[in-house]
Amino acid sequence: MNLNLEIPETLAAALKAKALAEGVTASVVAQQLLEQVLFGPAEESVHPKKSAYGLLQRYGPGPSAEEIDENRREMFRGFAEENA
């Protein structure tokens, strides 16, 4: 079904810019926006994704490179040595 709508030039320009940024036509963007308004958000976007930034912040800073190297030396001390 074709439906012609008159929209202000500012909205038309924003619609074209969004379509260009997404690499689709303006009618595809308009259809997606109308579906969101009329039928609600898609099921996958109901729950916003949380950023992992700061997820481990409560554990403090990670070990330094020197601490990691020392732990490796300690873990592998005696590894592959033959026991008599």
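Values below: every heavy atom of this structure, side chains too, minus hydrogens, waters and symmetry copies. For clarity, every value in this text was computed on a predicted model and none was experimentally measured.
- Between Q32 and Q36, the side chains place no donor N or O within less than 3.5 Å of an acceptor N or O (distance only, hydrogens not considered).
- Hydrophobic clustering keeps L20 apart from L15 (ILVMFWY residues linked when any side-chain heavy atoms are closer than 4.5 Å, directly or through intermediates).
- Between R73 and E70, at least one side-chain nitrogen of the basic residue sits less than 4.0 Å from a carboxylate oxygen of the acidic one, meeting the salt-bridge criterion.
- For P63 against I68, the heavy-atom pair with the smallest separation is CG-CG1, 3.9 Å.
- N71 contributes atom CG, which lies 12.0 Å from atom CD of E66 (distance to the nearest 0.5 angstrom).
- One hydrophobic cluster holds both L33 and V24 under the rule that ILVMFWY side chains link at heavy-atom gaps under 4.5 Å.
- L11 CG to K18 NZ: the interatomic distance, rounded to the nearest 0.5 Å, is 13.0 Å.
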